Structure formats: structure tokens, C-alpha cells
Amino acid sequence: MLSEPRSGRLAAWGNALLAGLVSPDDAVLAVVGEDAVHRVEGLPGESGPVGLTLALGRLRALGVTGLRVALPAPGHPLGLSGPPEFNARALEAEEAVVCHGAALGLVPEVYEAGPAGDVHVEVVWHCLPVREAPPADVPSLGEAERELAEALRDATAVLSRLDVAGSGPVAEAAIDAYRARSERGREVLAPGYPPRAVRVLELGQRVGLLVSLARERGPGGAVSSGEMAARAEALRPVERTARRAQVAAYNAYVEERERGAR
């Protein structure tokens with residue numbers, strides 16, 4: 001969880017575009033980021049892959065009024081609503097975008113090409129039918145913020161107890177990367193999102209960073225297999241909380257629109 005999911009960028013900036021808060025060019029530039037190009041395949045009415053600008057316009061014409069994020073993991077279909085075919089593709093990619101207003105979803109497939117040191121990334125978003133139903137296990141922003149405060153305490157306690165506190169060059173580099181991202185954190189969520197969503201997303205990413213550090217730094221002080229298993233078990237609910245919080249933050253735009261329409 002050290003990097004922002006592509007589904008998060010697509011949902012955030014797609015929502016801003018649908019709301020008329022950013023231009024198509026600015027939205028696509030933000031979604032593509034450092035990738036070479038994004039295309040969408042399987043859009044109704046299109047015979048082949050199309051560019052992201054055309055795809056977002058087509059989704060609007062199909063009735064899409066908002067975009068939600070799903071960040072599923074084995075045993076945890078977070079943000080998904082079915083059918084099984086879409087859920088399986090999303091689980092394989094570990095992320096997806098679910099459209100609000102039309103029964104469609106988008107799952108990214110990433111391709112890398114080029115020699116070492118000059119690799120460029122292309123992304124194809126596969127557009128597939130989804131079931132129109134409430135997404136699985138997505139908390140409100142308020143619930144996510146409360147859960148995160150507890151998860152951050154738990155993660156810090158686990159890392160300290162098992163001697164995997166942030167130290168050494170790998171951990172320092174990861175922390176530096178997080179700090180740099182935090183300094184530009186207001187760019188993570190596009191215009192139209194409430195400040196609380198930005199706050200929850202940043203804290204969710206921080207908790208995810210701590211979990212990633214624990215996994216990347218090897219056994220640390222957990223020298224026995226039993227201690228390693230205990231650490232994995234202790235971190236599992238913390239990682240789940242971090243994913244739930246990020247989904248809640250990305251989905252806050254659609255949730256607020258739904259509340260306002262009631």
C-alpha cells in the first residue's frame with residue numbers, strides 16, 4: 001500500500017470531471033500519472049479499446065454519475081457487489097472501479113514494456129457488467145476515521161513488540177517516500193471531496209505503510225515461526241482497516257451525493 005491505487009486516481013478525478021470541476025484534459029493527466037497511456041476496452045457501443053477521454057465521456061452518456069473504488073483481498077470482497085465474474089477479475093487485480101448510475105465496472109490490467117531503466121507502463125481498463133447492489137463492507141468516513149486511530153496504535157504496538165520498528169535503509173526510504181507524498185497530499189483527492197476524506201485517506205495510507213514495512217523488513221525480532229505467524233495474524237486486521245479507510249475516502253464523493261439526493 002505504498003502507492004496510490006490506479007482505481008483511486010480514476011475514481012477521484014473521474015468524479016471531479018463528472019461534476020464539472022475539472023477539464024477532461026486535467027482529469028486524464030491526473031489519472032494517467034507516470035504511466036504511458038490508459039485505454040478502456042469493452043465499453044458498450046465501442047468495438048475496440050478507446051482512450052480515457054472518450055471513455056469517460058461515453059460513461060457519462062451511459063448514465064454514470066459517480067465512480068466508486070473496490071480494493072478486495074482474498075476473503076474480503078471490499079467494495080464489490082458481484083457478479084462472480086467481475087469479482088474474480090477485481091480480486092486478481094486487487095482493485096476496481098464500480099460505476100454509480102450504470103451497471104458497469106472497470107478493472108485495470110497493467111503491461112510493462114521496454115528495457116531496464118526505460119520501462120513504460122500501459123494500462124487497459126476492462127469494462128464489465130456489475131450487479132447493482134450496495135458495495136461490500138465499506139464504512140462511512142466517520143467509522144473509518146475511528147477505526148484508523150485504533151489501528152495506528154495497534155500497528156505501532158505490534159511493530160515495537162516484534163522489533164520491526166522503522167529503521168534501516170529500506171524503512172527510511174519508504175518513510176521518506178511517504179513524507180514526500182504527504183506534502184502533496186492535497187493532490188491525492190480531486191476537487192469536490194470533503195477535507196475529512198483527504199484526512200482519512202492520508203491516515204489510511206500511513207497505516208498501510210506501517211504494515212508494508214513490517215512485511216518487507218523480514219522477520220525482525222520475530223525469530224521463530226510462531227512469532228512470525230503471530231505478527232502476520234496481528235497485522236491482518238490492521239491492513240484490512242487501512243484498505244477499508246481508503247475505499248471510504250475515495251467513495252465519499254458518491255456517498256455524499258447520495259445523501260444529498262435523499
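All residue numbers refer to positions in the sequence shown, counting from 1. Bear in mind the structure is a predicted one, so any value in this text is a computation, not a measurement.
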Check for me, please, whether [X] and [Y] land in the same ILVMFWY cluster - side-chain distances under 4.5 Å, paths through other members count.
X: Val22; Y: Val28; result: yes
X: Leu62; Y: Leu10; result: yes
X: Leu54; Y: Trp13; result: yes
X: Val31; Y: Val110; result: yes
X: Val198; Y: Leu71; result: yes

Of all heavy-atom pairs between [X] and [Y], which one has the smallest distance, and what is that distance?
X: Asn251; Y: Val69; value: OD1-N, 2.7 Å
X: Ala96; Y: Ser7; value: O-CB, 3.5 Å
X: Pro108; Y: Ala93; value: O-CB, 3.7 Å
X: Ala248; Y: Leu141; value: O-CD2, 3.8 Å
X: Asn87; Y: Gly82; value: OD1-N, 3.1 Å
X: Val40; Y: Cys127; value: CG1-CB, 4.4 Å

Counting C-beta onward and ignoring hydrogens, is there a side-chain heavy-atom pair between [X] and [Y] closer than 4.5 Å?
X: Val123; Y: Tyr111; result: no
X: Val32; Y: Val37; result: no
X: Tyr193; Y: Leu201; result: no
X: Glu4; Y: Gln246; result: no
X: Pro49; Y: Trp125; result: no
X: Leu91; Y: Pro77; result: no
X: Leu17; Y: Leu21; result: no
X: Pro135; Y: Arg68; result: yes

Do we see a donor-acceptor contact under 3.5 Å between the side chains of [X] and [Y]?
X: Glu109; Y: His126; result: yes
X: Tyr250; Y: Asn15; result: no
X: Glu255; Y: Tyr253; result: no

Greater than 12 external heavy atoms within 6.0 Å of Glu143's CD: yes
side-chain contact (heavy atoms from CB on, under 4.5 Å) between Cys99 and Leu67, worked out: CA-CA 5 Å; Cys99 299; Leu67 301 171; 3.8 Å; yes
Residues forming a side-chain contact (heavy atoms from CB on, under 4.5 Å) with Ala133, sequence neighbours excluded: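 Per chain and number, Ala133 pairs via side-chain contact (heavy atoms from CB on, under 4.5 Å) with Ser81, Arg131.
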Interatomic distance, Arg199 atom CZ to Leu148 atom CG [nearest 0.5 angstrom]: 11.0 Å
So does [Y] get a backbone contact from the side chain of [X], meaning a donor-acceptor N/O pair under 3.5 Å?
X: Glu95; Y: Arg6; result: yes
X: Glu112; Y: Val121; result: no
X: His100; Y: Thr65; result: no

Between [X] and [Y] (salt bridge meaning N to carboxylate O under 4.0 Å), is one present in this structure?
X: Arg146; Y: Glu150; answer: no
X: Glu145; Y: Arg196; answer: yes
X: Asp35; Y: Arg9; answer: yes

Identified side chain to side chain contact (heavy atoms under 4.5 Å, CB included) counterpart of Val97 within the set Leu106, Val107, Leu104: Leu106
Residues Glu41, Val50; criterion side-chain contact (heavy atoms from CB on, under 4.5 Å); working and verdict: CA-CA 7 Å; Glu41 183 177 75; Val50 300; over 6 Å; no
side-chain contact (heavy atoms from CB on, under 4.5 Å) between Leu78 and Arg244, intermediate numbers included: CA-CA 7 Å; Leu78 175 62; Arg244 275 167 48 87; 3.8 Å; yes
Criterion side-chain contact (heavy atoms from CB on, under 4.5 Å) on Leu43 and Leu59, from CA distance to verdict: CA-CA 8 Å; Leu43 268 175; Leu59 289 173; 3.7 Å; yes
